[in-house]
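Here is the structure we will look at, set down as structure tokens.
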Amino acid sequence: MRAPRSALVVLSLSLLFLLGPFVILFWSSFGTQASLAFPPEGFTIYWFKKVLGMRMFVDAFRVSVLLALSSTAAALVLGIPAAYALVRFSFPGKSFLELLFTSPIIVPGLVLGFALLRFFTAAARYPVSLRLFLGHMVLLFPYTVRVISASLRNFDPTVEEAAVSLGAPRWSAFLRVVLPNLRAGVMAAFILAFITSFNNVPVSLFLSGPGVTTLPIQMLTYMEYYYDPTIAALSTLLILFTVVIIQLVEKTLGLSTTLGG
Amino acid sequence: MEYLRLARVTVGYRKGEPILSDFDLTVREGELVSLLGPSGCGKTTTLRTIAGFLFPWSGRVLLKDKDYTRVPPHRRNFGLVYQNYALFPHLSVFENVAFGLRMRRLPREEIRRRVEEALRLVSLEGLERRLPGQLSGGQRQRVALARALVIRPELLLLDEPLSNLDAKLRAGMRTELKRIQRELSVTAIYVTHDQSEAMALSDRVVLMRAGRIEQEGTPAELYFRPATPFAADFMGFTNRFDAVVEAREGGELVLRAGRVRLRVRGEDLAPGTEVTVAIRPSSLRLFPPGGEGIPGRVVSHAFQGESVQYVVETGLGELVVVHPESTPRFSPGDEVVARAAPDEVAVFPRKEDA
């Protein structure tokens, strides 16, 4: 069936609205002027060279990737058993816990960041990198719990029971039968959590400290002083980075099953 | 020989709401017992208690006089087959069947030999490398059966294993299931809500209702001599009406229902007793008007292949009659008399709860 013309018009306008900013960003990162302008003049890859040579960005990128990887891994290690307990068992206080796990999604990031700052500096004097790690873990935990709960709910509990009846203790049945079938859910949770951590500003803003800063915070700081295509070039690189990651996942697992499951 | 025994088992899912109370069940070695009943009667709860997924609140589960009440399910060595197959979707047919053997840490060579043997038993040789998603429903259920049997279970527990298959496949699998159970002489408990399935498969049928045993016996006993109106209804005695015992003559009872007299083979009931009469549609025959029987008028008929189903309006309500004929002998509007074979009528003294 052919799509009606009006639908096509709406679709193109939405796409223009969604993709327009990226096109402008992409284009202006190749401009020769020293300040961001559109349309840019000339063509250069100077800004790319510059941004890759800037210690502050390279260091912050490394911090962001390490932080995103470690806090995502931790949130998964804690989130998988938590989701399992929430889905499979009923116990007093279960609905309260379910609500608690969604609260960091509902609570504004700034509030969470400020609360964590108070907690980490006032209650416990943790070093900056540790509090960033813990803060992001708290931020990501509800995401992993929710995504994995959803894929656990789709997994027939009798399959697990069958494994138990064949002689596997509960934990072994979980490792051998449940976990392998949660692969798509775990992958989806991983991507969601990684991107959430990597892009996070409000929590990192409060918890960053001297010497240890994440990339988004470093970019914000830079933009307070300079307004040149460096940031545009960096953003273009980040988009590329994300596309590559998504491509890798797509190639290895199939994105439709990952995000659709 | 008594093999499995549930002794005064009380069990349920939520505190204060037991599904089974003081439930007793005995299964003999090598027999196939069906737990039959409508949904919610407790048959699956019984199976899950035997499997060990539910621990009794009180009472005991004994197998060969060993107390299994507190033995966790993974140490029971019972094979389970589910309605939805419950295969491991990420493992090949071979690995699905091998799972229980790997858990028992058997040598690789023995695992291979026993898996092949089990797959041959269910006629699935050659499909070892397939994933469950690449099999048909019937094949999946065969894998599930092989997986449960390969561990040489002391009990085979089947929870509506054929319900997801289409009618034609179901009949074939039923025969095969019976053959395999006989061949291995494995003691089996079969949960179903389908009375014809229970009839065809079982050595013994346990009819359950609301957490209690309504009646147990051989398929023939349940089929021909239901002990209660509920059992009768479940066994297909769908025509029901009220009557009064008028007299006892020899081995027969004479019943009166409205203006109709009926002779049935007698329970020992005193004249004057109010009774419920239940008759299977296939136990009634229609005749042209005249003589004894229940007079009525044919309302409709429906062709069913090897039989014709009539609905007859009578003074006792609508009766359904099934004749083994391929062309209808009566048409809507015809006056008829329905007669029942005297020994195929079930009669129950009327009680308030029936």
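Quick note on labels: first sequence line is chain A, next is B, and so on, each numbered from 1. The shown structure was predicted, so the numbers you read here are calculated from the model rather than taken from an experiment.
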Quiz item: Which bit of B:F88 is near chain A, if near means a heavy-atom gap under 4.5 Å: side chain, backbone, both or neither?
Solution: both
Self-check item: Within the 6.0 Å centroid threshold, strictly below: B:Y68 and B:F78
Solution: yes
Quiz item: Within the side chain of B:R5, is there an N or O that forms a donor-acceptor pair under 3.5 Å with the backbone of B:D65?
Solution: no
Quiz item: Using a cut-off of under 4.5 Å for heavy-atom pairs, which of B:N84, B:I151, B:L87 has the most such pairs with chain A?
Solution: B:N84
Quiz item: Do B:T69 and B:D67 have side-chain N/O donor and acceptor atoms under 3.5 Å apart?
Solution: yes
Quiz item: Who wins among B:A51, B:P72, B:A86, B:P73 for the most heavy-atom pairs under 4.5 Å with chain A?
Solution: B:A86
Practice problem: Name the region of A:S90, side chain, backbone, both or neither, that has any atom closer than 4.5 Å to a heavy atom of chain B. | Solution: neither
Quiz item: Would a distance-only check, ignoring hydrogens and angles, find a side-chain to backbone donor-acceptor pair under 3.5 Å from B:S92 to B:E95?
Solution: yes
Self-check item: Residues B:N164 and B:R170: side-chain donor-acceptor under 3.5 angstrom
Solution: no
Self-check item: Heavy-atom contact with chain A under 4.5 Å, split by part of B:R147
Solution: both
Quiz item: A:P169, A:P180, A:A173, A:S172: which one forms the most heavy-atom pairs within less than 4.5 Å of chain B?
Solution: A:P169
Quiz item: Any donor-acceptor pair under 3.5 Å linking the side chain of A:S197 with the backbone of A:A193?
Solution: no
Quiz item: What about the rings of A:Y143 and A:F190, do their centers lie closer together than 6.0 Å?
Solution: no
Practice problem: Pick whichever of A:E161, A:R176, A:R170 has the most heavy-atom pairs under 4.5 Å with chain B. | Solution: A:E161
Quiz prompt | chain A contact via B:R75 - which portion, at a heavy-atom distance below 4.5 Å | solution = neither
Quiz item: Using non-hydrogen atoms only, which part of B:R48 is less than 4.5 Å away from chain A: side chain, backbone, both, or neither?
Solution: side chain
Self-check item: Residue part contacting chain B, namely of A:A163, when any heavy atom lies under 4.5 Å
Solution: both
